[in-house]
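First up is the structure itself, then whatever we jot down about it.
Here the structure is a predicted model, which means the values were calculated and not measured. All values below were derived from every heavy atom in this structure, side-chain atoms included, with hydrogens, water molecules and symmetry-related copies excluded.
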Amino acid sequence: MNLNENKPTTSRAKTTMSAIQKVGQGKASLNDGVAIPEYGPSDLLLKPLYSGICTTDLHVLYHGMGRKEFPLTMGHEFSAVVVGIGSEVNSYIGTERKIKVGDRVTVEPLFPCGKCDSCLRGRTNLCSSMSHLGIFDEGAYADYVRVPSYRTHLLPDSVSDLAGAFIEPLSCAINFIDRSELKPGNSVVILGGGSIGQMAVQVALASGAGQVILSEPVAKKRELALKLGAHAVIDPINENLVERVKELTDTKGVDIVIECVGVPATVSQMLNLVKRGGRCVLAGAPVKPVEIDFLPLWYGEVELVAAHATAWQFPRAMKLIENGDINVEAALESVVPFSEGVKALEKAYNSNEIGKLVIQHNG
């Protein structure tokens, strides 16, 4: 089938675009002359508005995660406007609202097959044949991106274009809390105060956590967590993290530990912070093998689970933003123009001090 038969419902004379692409290991480039994606009958063509830079993007660029063939257009956290609609597209999934050109949207960037065992059990984020924008499929750091219509969500009027780019990481933070099985009154340690760690602090509080403790070496990120409602913060470089957690929990340890960094030191430390019968959530993506002493896990019947991407959390994330329960822009460091996107990726990789960087696309 000729995909070009599904012409956009607005005129589009251009055939090429600009895109920020991975062109080699640790190498990204802003390339012009990239073909505008063709889209099929069940797809949408979107024009991104804002795109976040997240740790996964850095893993793709610098640590070899994802597709091995280059160039690869990067990016998966974004807001966008609909500019082209496939011939078989009708409504947003789960609603009767027709999809229209000009709609502001956000996108679940993981594309499940819908047929494997995980998909049939409703755990689409564990799909054995998944694709994913910016990791395996061409992503959102571009003038245009093709997406399946069923992974697209209409942004509420009260959610800004900029906030729309935070819905994917907020949904991940909700998944962290879902996987923790947090109950009202539970105590929680969150390891890592980056953007997603700050969102996890807020989601834990909104879910009824009785005590939220953030461990983070950067002072301004600890200060931010306190402003967002964390009960205590710990500097793991200059304080003994295990001893401080025991002091704050009457020597018991916490009910839940959520690891948002993915480095060996914090992953292996989880079991020393959780109480017997507690639960540890591996939310950060480890890029190196990790050695773990499993004796405390066995002896204390500690549950160790992982949290990968998102599964049905996007509507909840949008509602939390709409209701003002979550300040998604709290950890925002700066918005950079699309022309500076490659430099922003390098900056994010080379500095743990900075907060969230967001790319503003060309108008």
Side-chain angles (χ1 to χ4, degrees), residues 50 52-55 77 158-160 162-180 182-239 241 244-245 247-249 254-262 266 270 273 281 283-284 307 310 313-314 316-335 348 351-358:
Y50 289 90
I53 293 176
C54 99
T55 303
E77 304 175 356
S158 59
V159 176
S160 69
L162 179 58
F166 286 84
I167 289 173
E168 194 274 345
L170 176 57
S171 298
C172 290
I174 296 171
N175 191 35
F176 302 167
I177 303 304
D178 286 351
R179 293 289 288 156
S180 78
L182 184 149
K183 297 177 177 60
N186 278 169
S187 54
V188 184
V189 163
I190 294 170
L191 301 176
S195 175
I196 206 160
Q198 302 288 352
M199 291 185 197
V201 166
Q202 296 181 79
V203 176
L205 291 167
S207 301
Q211 184 182 37
V212 177
I213 304 165
L214 177 78
S215 172
E216 166 57 50
V218 178
K220 70 176 184 179
K221 295 180 180 180
R222 295 196 302 272
E223 293 167 4
L224 174 61
L226 289 172
K227 291 178 181 177
L228 293 173
H231 299 91
V233 294
I234 300 171
D235 177 355
I237 303 299
N238 297 306
E239 299 179 84
L241 177 59
R244 283 288 291 128
V245 169
E247 289 173 8
L248 292 165
T249 59
V254 292
D255 297 297
I256 295 164
V257 179
I258 300 176
E259 198 284 333
C260 296
V261 186
T266 50
M270 289 190 296
L273 305 173
V281 180
T310 67
Q313 284 95 3
F314 266 57
R316 289 161 60 193
M318 288 190 288
K319 186 59 68 176
L320 283 170
I321 297 173
E322 269 195 289
N323 292 344
D325 296 319
I326 303 290
N327 181 358
V328 288
E329 298 175 31
L332 177 65
E333 180 80 15
S334 63
V335 176
S351 175
N352 292 325
E353 299 283 331
I354 63 173
K356 183 77 168 183
L357 297 178
V358 174

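With rounding to the nearest 0.5 Å, the separation of OG in Ser195 from CD1 in Ile53 is 11.5 Å. Taken to the nearest 0.5 Å, the CD atom of Glu329 stands 8.5 Å off from the CD1 atom of Ile321. The CD1 atom of Ile167 sits 11.5 Å away from the OG1 atom of Thr310 when rounded to the nearest 0.5 Å. Rounded to the nearest 0.5 Å, atoms OG (Ser215) and CZ (Arg222) are 9.0 Å apart. With rounding to the nearest 0.5 angstrom, the CG atom of Leu170 is 4.5 Å from the CD1 atom of Ile174. Residue Leu205 holds its CG atom at 11.0 Å from CG of Asp325, rounded to the nearest 0.5 Å.
With hydrogens and angles disregarded, no donor-acceptor distance shorter than 3.5 Å links the side chain of Lys319 to the backbone of Phe314. Side-chain atoms of Glu223 do not come within 3.5 Å of backbone N or O of Leu226 as any donor-acceptor pair. Side chain of His231 to main chain of Val212: a donor-acceptor pair is present (N/O by atom type, distance under 3.5 Å, no hydrogens or angles). With Ser187 contributing its side chain and Asp255 its backbone, the two residues share a donor-acceptor pair below 3.5 Å.
Smallest separation of non-hydrogen atoms from Ala165 and Glu77: O-CB, 3.6 Å. Across all their heavy atoms, Leu214 and Lys221 have their closest contact at CD2-O, 4.0 Å. The shortest non-hydrogen separation linking Leu228 to Gln202 is CD1-NE2, 3.8 Å. The two atoms that bring Ala209 and Val188 nearest to each other are CB-CG2, 4.1 Å, heavy atoms only. Between Glu333 and Lys220, the shortest heavy-atom contact is OE1-NZ, 3.1 Å. The two residues Gln313 and Asn175 have their closest heavy-atom pair at NE2-OD1, 3.2 Å.
At least one side-chain heavy atom of Leu248 sits less than 4.5 Å from a side-chain heavy atom of Ile234. Contact of the Leu162 side chain with the Leu332 side chain is registered, since non-hydrogen atoms from C-beta on lie closer than 4.5 Å. Under the 4.5 Å side-chain criterion, counting only non-hydrogen atoms from C-beta, Phe176 is not in contact with Ile190. You'll find the side chain of Glu216 stays beyond 4.5 Å of the side chain of Val233, heavy atoms only.
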Is there a side-chain contact (heavy atoms from CB on, under 4.5 Å) between Thr249 and Val189? Walk through the geometry before answering. CA-CA 11 Å; Thr249 59; Val189 163; over 6 Å; no
Pair Leu191-Leu273, side-chain contact (heavy atoms from CB on, under 4.5 Å): steps then yes or no: CA-CA 10 Å; Leu191 301 176; Leu273 305 173; 3.9 Å; yes
